[in-house]
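Values in this document were obtained by computation on a predicted structure and should not be read as measured data.
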Amino acid sequence: ARSQGYRGFQGLGWILVVGHNVQEVLAPAFSLRNRILLFSLILIAVAILIALFISRSITRPVAELIRGAGEIGKGRLDYRIPVSGGYEMAQLAASFNEMAAQRKREEESLRENEERFRSFFAAAAIGMVMASPDGRFVQVNGAMCEMTGYPAEELLRRDFQSITHPDDLAEDLDRHARLLKGDIPFYHTEKRFIHKQGHEVWAHLAVSLFRDGEGNPVHFTGQIQDIT
């Protein structure tokens, strides 16, 4: 495309015609425009990449924390959350991992204590029993079975009331009720059991009550020594 300019020279009868190539004239402006557009597109692309990187660097650690918390909540205490992300996220992940490790150590310690208690309970030379709040036997050891003449399976279908001598039952139930109410923390007493073969067995009892974290009765524990 071209443009023309005309200019007359009076007195000479001349006309000066000047031709311009529009593309050549505007080429620098077009080039500058194109460079500006290209630079703007590059800036936009870089901004998008930075936003994606920042978003991923935040959302990925958060997703890992959420997943880890869920796994630990399910009891998978061996699960470890990847420690990544910023300082705060890494600290939070490390705290979750330490909490899970501490919980696992506590459970292992509790398991060991329970195993020691079961071994002590079973091997004790005196009668050992656990009974529900209503008096039903839930666990008995060999010494208790030998003392009363009942096999464990049969004792576990009974309660202490059914093998207590009728003349001693009222006093025993009174102490039982006081223990349930919290009037006393434990009690010692002597009473007679009725052996499976029908004869009396004198015994010394030490009875206490285990409660849960809210104070509700869970079970009685009794240590019973044959003093016949």
With a cutoff of under 4.5 Å between side-chain heavy atoms, which Ile, Leu, Val, Met, Phe, Trp and Tyr residues group with [X]?
{"X": "W202", "value": "I227"}
{"X": "V218", "value": "F210"}
{"X": "V140", "value": "V129, F137, M144, M147, Y150, L155, L156, F160, I163, L169, L173, L179, L180, I184, Y187, F193, V201, L205, V207, L209, F220, I224"}

Inset, instruction - Could you tell me whether the side chain of H176 and the main chain of P133 form a donor-acceptor pair under 3.5 Å? - result: yes
Legend entry - Main-chain N/O of A203 paired with D226 side-chain donor or acceptor, under 3.5 Å: no
Inset, instruction - Would you please name every residue forming a ring pair (Phe, Tyr, Trp, His ring centres under 6.0 Å) with F121, sequence neighbours left out? - result: F117
Legend entry - Listed partners of H165 passing ring pair (Phe, Tyr, Trp, His ring centres under 6.0 Å), at least two apart: none
Legend entry - Pairwise side chain to side chain donor-acceptor pair (under 3.5 Å) hits with a residue in residues 123-132, at least two apart: S132-D134
Legend entry - Side chains of T189 and R175, donor plus acceptor under 3.5 Å: yes
Inset, instruction - For residues G127 and A143, report the shortest heavy-atom separation together with the two atoms involved. - result: N-CB, 3.7 Å
Legend entry - Same cluster (ILVMFWY, side-chain, under 4.5 Å), F120 and M130: yes
Legend entry - Sub-4.5 Å side-chain heavy-atom contact between K196 and P151: yes
Inset, instruction - Please tell me if the side chains of E200 and H195 come closer than 4.5 Å, counting only heavy atoms from C-beta onward. - result: no
Inset, instruction - Assess whether atom CD of Q161 is packed by more than 12 heavy atoms of other residues, nucleotides or ligands within 6.0 Å. - result: yes
From [atom1] ([X]) to [atom2] ([Y]), nearest 0.5 Å:
{"X": "H219", "Y": "Q139", "atom1": "NE2", "atom2": "CD", "value": "8.5 Å"}
{"X": "M128", "Y": "N141", "atom1": "CE", "atom2": "CG", "value": "6.5 Å"}
{"X": "S208", "Y": "H188", "atom1": "OG", "atom2": "NE2", "value": "9.0 Å"}

Inset, instruction - Before accepting this row, confirm whether a basic side-chain N of the pair E115/R118 lies closer than 4.0 Å to the acidic partner's carboxylate O. - result: yes
Inset, instruction - Might you work through the side-chain contact (heavy atoms from CB on, under 4.5 Å) test for R192 and T164, ending with a clear yes or no? - result: CA-CA 6 Å; R192 289 164 290 179; T164 298; over 6 Å; no
Inset, instruction - Evaluate the criterion side-chain contact (heavy atoms from CB on, under 4.5 Å) for residue pair V138 and R136; output intermediate values, then yes/no. - result: CA-CA 6 Å; V138 295; R136 180 177 51 85; 3.8 Å; yes
